[in-house]
> 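Below you'll find the structure I mean.
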Amino acid sequence: MMLIGALEAGGTKMVCSIGTANGDVLQRSSFPTTTPAETIPQIVDFFSKFSIAAIGIGSFGPLDLNLESPNYGSITSTPKTEWQNFPLLTELENELGVPGMIDTDVNAAALAEYQIGAGKRKNSLVYVTVGTGVGGGIVLNGEIVHGLVHPEVGHMILAPMKNDSMSDGSCPFHKHCLEGLASGPAIEKRWGLSSRLMMPDHPAWDLETDYLAQMCVNLIVMLSPEIIVLGGGVMQQAHLYPRIREKVVDLLNGYVASDAVSEEHIQSYIVAPALGVNSGVVGALLLGARAVDSRKKMME
Ligand code: ADP
Ligand code: ZN
């Protein structure tokens with residue numbers, strides 16, 4: 001059986017997994033993200049114990065994903081200064097002696113949900129995580145979307161709600177972006193209470209669903225995805241899904257001519273990740289499998 005290495009590179013921890021090209025996870029270990037000098041050898045050590053055919057990486061960003069760039073596969077302007085301009089993909093490919101593929105953590109999760117999760121029978125999908133940050137991965141016509149860099153769904157500008165007591169969001173770059181208004185830390189800043197501790201009837205959730213519904217509407221009118229998957233820690237609050245769906249139907253006001261976004265069918269349009277908390281790791285495995293395939297094509 002061919003083994004693939006999967007790295008979920010996060011700002012606080014590096015989760016290393018071994019699995020198969022179909023996304024089955026066999027083994028997992030994680031290390032705190034400190035400095036590259038300390039953390040990379042731990043990652044290399046773990047993967048070296050297995051005979052892996054490739055490494056797939058879903059990483060925090062921003063990343064250089066321009067195939068023409070000499071810095072392809074590097075982390076670019078992260079606030080984590082030790083990791084600025086760190087060539088994550090090249091370093092791991094060289095140290096492990098295997099081909100690799102890298103994408104943003106959310107693009108990896110989107111790929112997993114698209115290929116074997118909630119979007120299995122669709123051609124397009126958006127995956128959004130609402131957690132410490134808000135980020136989105138996009139698959140359109142079977143392709144992961146990249147462009148100038150990669151989409152930054154979490155920084156779309158939203159219309160602030162009149163009853164929002166927080167005048168500035170929590171994003172240091174933008175006053176009213178999605179992440180600044182609706183991430184876990186934004187909720188905590190606004191109410192002085194962790195979102196984990198809030199009961200379903202807390203007024204925070206009314207505002208939260210207003211913002212997440214705005215986000216969904218923007219995604220629908222811009223990209224026309226066939227399904228929207230909402231994951232991340234904040235979405236553990238399962239009562240949010242029906243409230244977001246209802247507000248999306250209201251905001252669209254019948255304009256988008258598809259049954260999928262009707263009151264009757266929206267329940268299967270805005271959904272939780274089918275892979276649960278595993279979308280990220282499965283996505284990294286699938287990226288690794290793609291690295292094997294593209295190496296094979298190169299050899300032909
Ligand atoms: P990260 O984004 O760091 O990868 P998470 O997706 O778990 O990790 O997001 C963490 C954020 O989600 C924190 O702000 C936390 O307060 C919030 N969170 C985690 N679990 C819950 C929960 N059950 N209910 C509400 N908020 C939660
Ligand atoms: Zn922002």
Side-chain angles (χ1 to χ4, degrees), residues 6-17 28 30-33 57-62 75 77-80 83 103-110 112-113 127-137 149-160 164 166-209 211-212 214-215 218 229-244 272-273 275-284:
L7 171 65
E8 295 168 271
T12 52
K13 62 182 198 285
M14 297 285 183
V15 183
C16 301
S17 306
R28 192 177 293 196
S30 80
F31 310 102
T33 305
I57 308 168
S59 178
F60 68 97
I75 296 168
S77 58
T78 170
K80 295 184 81 74
W83 292 86
D103 217 308
T104 60
D105 42 11
V106 280
N107 267 342
E113 287 294 330
Y127 171 94
V128 178
T129 177
V130 188
T132 307
V134 179
V149 279
H150 43 74
E152 289 284 5
V153 168
H155 298 271
M156 68 169 73
I157 305 301
L158 299 182
D164 189 345
M166 182 166 68
S167 53
D168 289 332
S170 65
C171 173
F173 294 90
H174 317 112
K175 227 175 148 179
H176 295 136
C177 73
L178 168 59
E179 178 169 296
L181 293 171
S183 63
I187 299 172
E188 185 162 350
K189 179 180 170 192
R190 184 184 291 116
W191 302 95
L193 178 67
S194 164
S195 57
R196 281 175 206 275
L197 302 174
M198 288 171 173
M199 302 303 284
D201 62 357
H202 195 288
W205 300 124
D206 195 35
L207 214 47
E208 183 69 7
T209 51
Y211 289 132
L212 294 178
Q214 281 195 38
M215 168 196 79
N218 291 343
V229 181
L230 304 181
V234 172
M235 294 307 299
Q236 297 289 326
Q237 301 265 346
H239 59 91
L240 296 178
Y241 291 93
R243 296 163 78 171
I244 293 166
L275 302 169
V277 296
N278 287 325
S279 317
V281 59
V282 172

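Start at 1 and go down the list; that is how both ligands and their atoms are numbered.
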> Show me which atoms of ligand 1 lie under 4.0 Å from any heavy atom of P185.
14 (O)

> Counting non-hydrogen protein atoms only, what is the nearest one to atom 24 (N) of ligand 1? Give residue, atom name and distance.
Q237 NE2, 3.0 Å

> The Zn ion (ligand 2) as vertex, arms to ND1 of H155 and SG of C177: angle to 10°?
110°

> Is the closest protein non-hydrogen atom to atom 4 (O) of ligand 1 under 4.0 Å?
no

> For ligand 1, note which part of Q236 has a heavy atom under 4.0 Å away: side chain, backbone, both or neither.
side chain

> What residue and atom, counting heavy atoms only, is the protein's closest point to atom 22 (C) of ligand 1, and at what distance?
G233 O, 3.5 Å

> Keeping the roles fixed (side chain from S183, backbone from G133), state whether a donor-acceptor pair exists under 3.5 Å.
no

> Using modelled atom types only, decide if a donor and an acceptor are shared between the side chain of W191 and the backbone of A186 within a distance under 3.5 Å.
no

> Judged by atom type as modelled, is there a donor-acceptor pair below 3.5 Å linking the side chain of Y127 to the main-chain atoms of S279?
no

> Closer than 4.0 Å to some heavy atom of G232 - which atoms of ligand 1 meet that?
6 (O)

> Do H202 side-chain atoms and A204 backbone N/O form a donor-acceptor pair below 3.5 Å?
yes

> Quick check against the 3.5 Å criterion: does E8 have a side-chain atom that pairs as donor or acceptor with the backbone of G280?
no

> Is the backbone of A182 close enough, under 3.5 Å, to the side chain of R190 for a donor and an acceptor to pair up by distance?
no

> Which residue supplies the protein heavy atom nearest to atom 10 (C) of ligand 1, what is that atom called, and how far is it?
T132 OG1, 3.5 Å

> Quick test of your reading of the structure: of G280, G131, G11, whose heavy atom lies closest to atom 9 (O) of ligand 1?
G131

> Relative to the Zn ion (ligand 2), which of the N, O or S atoms in H174 is the closest?
ND1

> Select the closest option to atom 16 (O) of ligand 1 among A204, S195, G184, judged by heavy-atom distance.
S195

> Which atom names give the shortest non-hydrogen contact between M198 and Q237, and what distance separates them?
O-NE2, 3.6 Å

> Could you check whether any side-chain N or O of Q214 sits under 3.5 Å from a backbone N or O of A159, counting only pairs where one atom can act as donor and the other as acceptor?
yes

> Show the atoms of ligand 1 that are less than 4.0 angstrom away from any heavy atom in S194.
16 (O)

